[in-house]
Enquirer: 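First the structure, then my questions, so here it is.
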Amino acid sequence: MNKTGVLFGRLMRHILRSPDTIITVALMPIAILLMFVFVFGGAMKDALPAGTNYATYMLPGILIMAIASGISYTAFRMFQDMQAGIFARFNSMPIARSSALWAHVLTSLVSNLMTVVLIFLVGLLVGFRSGAGLLAWLGVAGMLILTTLALTWVAVTPGIKATTMEGASAFSYPLIFLPFISSAFVPTSTMPLVLRVFANYQPVTPIVNTIRNLLAERPLGNDWWVALLWCVGITAVAYVFAIRSYNRRALNR
Amino acid sequence: MSNAIEVKGLTKSFKSTVKDSVQRTEVLKGVDFTVQPGEIFALLGSNGAGKTTTINILTTLMSADGGTASICGYDVAAQPDKVRQSISLTGQFAAVDDILTGRENVILIAKLRDVPHPDKVADALLERFQLTDAAHKRAGLYSGGMKRRLDIAMSLTGQPPVIFLDEPTMGLDPEGRLEVWKMVQELAQNGTTILLTTQYLDEAEQLADRIAILNGGVIIANGTMDELKQLFPPAETVYVEKQPSLEEIFLAIIGAKAGH
């Protein structure tokens, strides 16, 4: 376990030495946040419940988008370690095989949370407000952590299996755009039937709704456990694939 | 258990797809050899002969299909943790972390190996490999030779008794090659067992106490340089004018420049 800590320290050094990765990850979601608040925000008013602050309304979706783009770096870092023979070096040393993998997972979690905090701060600048109490904020943190974990495990397999740098991160593009077809930016009730059905039954909608309702101190309804099930389910499936490809790669290159 | 490395009947095949039909390519067809403690043993073979596959099995990165292998008496399949404590691997491509400094790279390995006083160990190793001046520079900025030296310094951290060097001089310039040779010889003098693979005949001849030639998945010759020479017809004495090789010329010019 303490070996995971040593390896985690190594990867965090990578991130702190190139803080541009955090900024690059946050830049696109922040640009979309600004565009929606200042360009489309005025026109959106009619579609939203009366008195809704649009920055507050859409921030949860922006956070999910940032995490989805952040995990492409998780895959990228794994890919680099695979290519450079660093995994081979660690795997021929007297440390648990899983340490190197968990260090990447932990790094993904921490670096994504740093991005999330950055986006919350930008959100405050453009009008995001919440009167939520400590418990609700803990709920928000929990939801974001579970989402990051699920997406991180999704990122591990391409990171291990990719043969090119582009291949390692290409999987994240559809994930980044998933929030657009969800309740993240407009209520799903305004969408045509096919899109509405898709939006209502994909994981981003219950996750976004849960975070939004926690921040607005509204009742959570069924969204919270649907979101939880999605996160746990995605994590479980992605974990199995990730471990399988990690072991296969480690033992039979 | 007097052998540092003992390999018996090692086999390994890989799946490969040739025109939609899955075939198994036999890379190792029963490899046997032993390496004594403190010996420099060279595994010689052309590309694709199975040198790296052998190293991967001996360093627990890969499992063998058949046969046995042990390091310092520990079976690689049954006691991989014991084996990993006894070895270190320097792979074909310098596995150094480009973002960390040279010193941080060594400290990282020291911490992972639970070596006491990682800082001191790192400083001593960096000095030994003439990397003290570059200790606080990112490894990504090192030259090929420096990276190799750092790579080997990392492998020596914690003083494992058996060291595997997979093509240690690949991609190095002549000076870098000589540096690595010198280091390998020093290591062996201190009692470390070294198994190195190479496709350069002169490298094996210069360095190794014993040489095994891997070809077609089996060891076709194994012995000291003198023993191998006896496999050939006795030498005839011919008189030739000794011309300097390009390597000698290159090193002489570079040396002369450095001397000024």
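Throughout, protein chains are lettered first and strands after them, A, B, ... in sequence-line order, and every chain is numbered starting at 1.
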Enquirer: Before giving the answer on side-chain contact (heavy atoms from CB on, under 4.5 Å), spell out for B:Arg84 and A:Ile95 the whole-Å C-alpha distance, their side-chain angles and the decisive distance to 0.1 Å.
Expert: CA-CA 8 Å; B:Arg84 285 178 207 142; A:Ile95 56 174; over 6 Å; no
Enquirer: Quick check: closest heavy atoms across B:Thr60 and A:Asn91, and the distance to 0.1 Å?
Expert: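 Scanning both residues, the minimum pair turns out to be OG1-O, 3.9 Å.
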Enquirer: Under a 4.5 Å heavy-atom cut-off, does chain A meet the side chain of B:Asp151, its backbone, both or neither?
Expert: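 Both parts, heavy atoms under 4.5 Å.
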Enquirer: At their closest point, which heavy atom of B:Ile99 faces which heavy atom of A:Arg17, and how far apart are they?
Expert: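 Taking B:Ile99 first and A:Arg17 second, the nearest heavy atoms are O-NH1, 3.1 Å.
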Enquirer: Assess whether a salt bridge exists between A:Arg13 and B:Asp97, defined as any Lys/Arg side-chain N lying under 4.0 Å from an Asp/Glu carboxylate O.
Expert: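 B:Asp97 and A:Arg13: not salt-bridged.
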Enquirer: What's the spacing between B:Leu58 CG and A:Ser92 OG if we round to 0.5 Å?
Expert: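 Going from the CG atom of B:Leu58 to the OG atom of A:Ser92 covers 12.0 Å.
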Enquirer: Do B:Leu112 and A:Leu7 make a side-chain contact, defined as non-hydrogen atoms from C-beta onward lying under 4.5 Å apart?
Expert: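 B:Leu112 vs A:Leu7: side chains touch.
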Enquirer: Just wondering, more than 12 heavy atoms not from B:Gln36 lying within 6.0 Å of its CD?
Expert: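 Correct, the count exceeds 12.
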Enquirer: Counting only heavy atoms closer than 4.5 Å, note whether B:Thr53 contacts chain A via side chain, backbone, both or neither.
Expert: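 When you check distances to chain A, no heavy atom of B:Thr53 falls under 4.5 Å.
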Enquirer: Between B:Ile109 and chain A, which part of the residue has a heavy atom less than 4.5 Å away: side chain, backbone, both or neither?
Expert: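 Both backbone and side chain of B:Ile109 come within 4.5 Å of chain A.
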Enquirer: What pair of heavy atoms forms the shortest contact from B:Ala95 to A:Gly85, and how long is it?
Expert: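 Shortest heavy-atom separation between B:Ala95 and A:Gly85 comes out as CB-O, 3.5 Å.
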Enquirer: Got more than 12 heavy atoms from elsewhere within 6.0 Å of CD, B:Gln23?
Expert: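 Buried by this count: over 12 neighbours within 6.0 Å.
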Enquirer: Would you mind checking which part of B:Thr59 comes under 4.5 Å of any heavy atom in chain A, side chain (CB onward), backbone (N, CA, C, O), both or neither?
Expert: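 Both the backbone and the side chain of B:Thr59 come within 4.5 Å of chain A.
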Enquirer: Minimum heavy-atom separation for A:Ala88 to B:Leu61, with atom names?
Expert: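 Taking every non-hydrogen atom into account, O-CD2, 3.6 Å.
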Enquirer: Would you say A:Phe241 has more than 12 foreign heavy atoms packed within less than 6.0 Å of its CZ?
Expert: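 At most 12 heavy atoms, drawn from other residues, nucleotides or ligands, come within 6.0 Å of this atom.
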Enquirer: Do any N or O atoms from the side chain of A:Arg89 and from the backbone of B:Gly91 form a donor-acceptor pair under 3.5 angstrom?
Expert: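 No; zero donor-acceptor contacts below 3.5 Å.
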Enquirer: To the nearest 0.5 angstrom, please state how far the CD1 atom of A:Ile86 sits from the CG atom of B:Asp98.
Expert: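 Output value for this atom pair is 7.5 Å.
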Enquirer: Please determine, among B:Asp114, B:Ile57, B:Ile87, the option with the most heavy-atom pairs under 4.5 Å with chain A.
Expert: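 Greatest number of close heavy-atom pairs with chain A: B:Asp114.
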Enquirer: Counting only non-hydrogen atoms closer than 4.5 Å, does A:Phe90 touch chain B with its backbone (N, CA, C, O), its side chain (CB onward), both, or neither?
Expert: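 Looking at A:Phe90, just its side chain touches chain B.
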Enquirer: One pair to check against side-chain contact (heavy atoms from CB on, under 4.5 Å): A:Met93 and B:Gln85. What are the steps and the verdict?
Expert: CA-CA 7 Å; A:Met93 286 174 59; B:Gln85 269 162 23; over 6 Å; no
